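Read the numbers this way: they start at 1 and go in the same order the structure lists the ligands and their atoms. Keep in mind that the numbers below use all heavy atoms, side chains included, and drop hydrogens, waters and symmetry copies. Note that this is a predicted model, so its numbers are computed, not measured. Along the sequence shown, the residues carry numbers beginning at 1.
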Amino acid sequence: MKHKEKPQTIKCPYCGRTAVLRKASDIYAKALDEYLYVCSGYPECNSYVGVHAGTLRPKGTLANGDLRHKRIEAHRIFDAIWKHKIMSKQNAYRWMQDIFSLSSKQAHIAQFSEYRCDCLILECRKVLHNNNITLA
Ligand SMILES: [Zn+2]
């Protein structure tokens, strides 16, 4: 994999150490041709974030296990809104921007805190409920 860009310097929000770029296959059991920014205190500090495909740009902030889990859950519920065609994907992101007063750059679940994920999950549940959609 060739990269013209340099890795970014990002700090772990949990312990303050610098994150290092590592192959995802170092962290996950399944080998992925992908990179992660991993806290240099890993695995003692279990915090990392993926990059946008084919780039060295982090998808968001480093996240520990709880936050990663919450972001996955928030994504699942949010994606259900456009997958069930309640809104187009574009409109769903605009709706998310409106709720939290975010720019389009900030409207990414990978940048959300646990608190914001909880708020999004709540709002998405209302929308799904109002459209008589129950998630498995
Ligand atoms: Zn850390």
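Looking at heavy atoms from C-beta onward, P58 lies in side-chain contact with I10 at the 4.5 angstrom threshold.
At most 12 non-hydrogen atoms from other residues, nucleotides or ligands lie less than 6.0 angstrom from NE2 of H69.
For the pair R17 and Y42, the cation-pi criterion (under 6.0 Å, within 45° of the ring axis) is not fulfilled.
With no hydrogens or angles considered, no side-chain donor-acceptor pair links S88 and R94 at under 3.5 Å.
Every residue two or more places apart in sequence or in another chain that forms a ring pair (Phe, Tyr, Trp, His ring centres under 6.0 Å) with F100 is listed here: F112.
No salt bridge links K70 with E73; every basic N to acidic carboxylate O contact stays at or beyond 4.0 Å.
Within the protein, the number of N, O or S atoms lying under 2.8 Å from the Zn ion (ligand 1) is 4.
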